[in-house]
Structure formats: structure tokens, C-alpha cells
Amino acid sequence: MNKPVELEDEGLFLKRLQSYLEKKQLKHTKQRSMILRYLLGVSGHICSEEIRDMAKKDGHRIGLSTIYRTMHLFEKAGIVTQSTFAGDR
């Protein structure tokens, strides 16, 4: 099983995100950074609902629609890949 991303590797993902955002003339937001940190802090697969629950546990409010849009943006930026499992809609 994969382990969470090391700090030096996290910097590479942040740079990739920043580069993509600049190229597309999008803002770098606290929510995008937070979602990326949650993604990099887990091993294996994680769904949007789990990210929302982790944020809520940490005292943050972030909507599922924001997470879905951000995950789509991360996919376009080459940071994540989407997986569909049996039973997913």
C-alpha cells in the first residue's frame, strides 16, 4: 500500500498546481491547498466525501461541490487520476 507523500514531494505537487493555475489564469485558493494537503496525507484512494469529513473534523467547512470541482481541476493538472470502482455511480 502507498504511504502518504513526503514533504519534499508535496512541494512538487504544489508547484505543478501553481503552474497549472497560472497557465489557466485561475486563483490559488485556501480550499485548493487544503484539499491537496488532505489528498497527499492519505495512502490509497480517497473520495470527495472523505475529504469533506476530514475537513469538518479539522473545523473547516467546505462543500462537496467545491471538492468535486477541485478534484476535476487536479485531474486536468495531472495531480490525481479518477478511479471508478464497482458499485460507483
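Among residues two or more places apart in sequence or in another chain, the side-chain hydrogen bond (donor to acceptor under 3.5 Å, both in side chains) test is passed with E22 by Q18. The side chain to side chain contact (heavy atoms under 4.5 Å, CB included) check on S48 picks up L64, I67, Y68, M71, with sequence neighbours excluded. Partners of R69 by side-chain hydrogen bond (donor to acceptor under 3.5 Å, both in side chains), not counting sequence neighbours, listed by chain and number: T66. Partners of H60 according to the side chain to side chain contact (heavy atoms under 4.5 Å, CB included) rule, which considers only residues two or more places apart in sequence or in another chain, are M34, Y38, A55, D58. For A77, the side chain to side chain contact (heavy atoms under 4.5 Å, CB included) partners two or more places apart in sequence, or in a different chain, are Y20, I79.
The local environment of CD in E49 is crowded, with over 12 non-hydrogen atoms from other residues, nucleotides or ligands closer than 6.0 Å.
Rounding to the nearest 0.5 Å gives a distance of 10.5 Å between CD of E50 and CG of L39.
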Side chain to side chain contact (heavy atoms under 4.5 Å, CB included) for H28 and L17? Distances and angles first, verdict last. CA-CA 8 Å; H28 189 95; L17 175 60; 3.8 Å; yes
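Between I35 and I62 there is a side-chain heavy-atom pair separated by less than 4.5 Å. Taking 4.5 Å as the limit, every side-chain heavy atom of Q31 sits out of range of all side-chain heavy atoms of T70. Taking 4.5 Å as the limit, every side-chain heavy atom of K24 sits out of range of all side-chain heavy atoms of L73.
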